[in-house]
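Here is the naming used below: chain letters follow the sequence lines, and residue numbers restart at 1 for every chain. Computed from a predicted structure; not experimentally measured.
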Amino acid sequence: MANHWLMKSEPDAYSWQQLLKDKRTHWNGVRNHQAALNLKAMKVGDLAFFYHSNEGKEVVGICRIAREAYPDPTDTAGRFVMVDVEPVQPLPTPVTLAQMKAEPKLADIGLIRQSRLSVMPVSAPHWALICKLGGLKKAP
DNA sequence: GCCAACGTTGGC
DNA sequence: GCCAACGTTGGC
């Protein structure tokens, strides 16, 4: 069973629309050790929610890990890693942070508990619930 | 090794 | 624009 994740990006820096256009991207620039540990735990084929922080504050789509962690060339010290991701599908209805906060079952999700972490795991029940809120009949 | 100061993230 | 959370830095 593949793991599920949530990855944040400010749409000003890199948006879901840009990922759709690029078809694939290097998820570089992570400079937090806990986030880096999560990147290292990812396997090819794992799925991740794509969350827009600051602007939107909503889960907008689902992407797939296309390459496992390898050194991030933008980190000159060579300490951090990145993965490659590719888009799978958008959510028919984006799921906002406010919606997730209003849902008692999501009270302990990393997105709310640890608001500054940019890459975090999502449990299978949370994954299924957010997919449902997003208008998907069946969670991928 | 402690802790205050400072910087960054991200929600509001 | 403000502020809370939290990670990092640097003086001691």
Q.
Please identify the 5'-most and 3'-most nucleotides of DNA chain B with any atom under 4.0 angstrom from a heavy atom of chain A.
A. B/dG7 to B/dC12
Q: Report the C-alpha distance between A/Leu20 and A/Phe50 in whole Å, list the side-chain angles of each, state the deciding distance to 0.1 Å, and finish with yes or no for side-chain contact (heavy atoms from CB on, under 4.5 Å).
A: CA-CA 12 Å; A/Leu20 287 179; A/Phe50 192 113; over 6 Å; no
(Q) So if I take residues 31-39 of chain A and measure heavy-atom distances to DNA chain C, which residues fall below 4.0 Å? (A) A/Asn32, A/His33
**Q.** From A/Ile130 atom CD1 to A/Leu136 atom CG, the distance as rounded to the nearest 0.5 Å
**A.** 11.5 Å
Q: Might you confirm whether atom CZ of A/Arg79 has over 12 heavy atoms from other residues, nucleotides or ligands at distances under 6.0 Å?
A: no
Q. Is the gap between the ring centers of A/His4 and A/Phe49 under 6.0 Å?
A. no
Q: Apply side-chain contact (heavy atoms from CB on, under 4.5 Å) to A/Cys131 and A/Val95, showing your working.
A: CA-CA 9 Å; A/Cys131 285; A/Val95 180; over 6 Å; no
**Q.** Within residues 130-140 of chain A or reaching into it, pairs that qualify as side chain to side chain donor-acceptor pair (under 3.5 Å) - sequence neighbours excluded
**A.** none
Q) Are the ring centres of A/Tyr51 and A/Trp16 closer than 6.0 Å? A) no
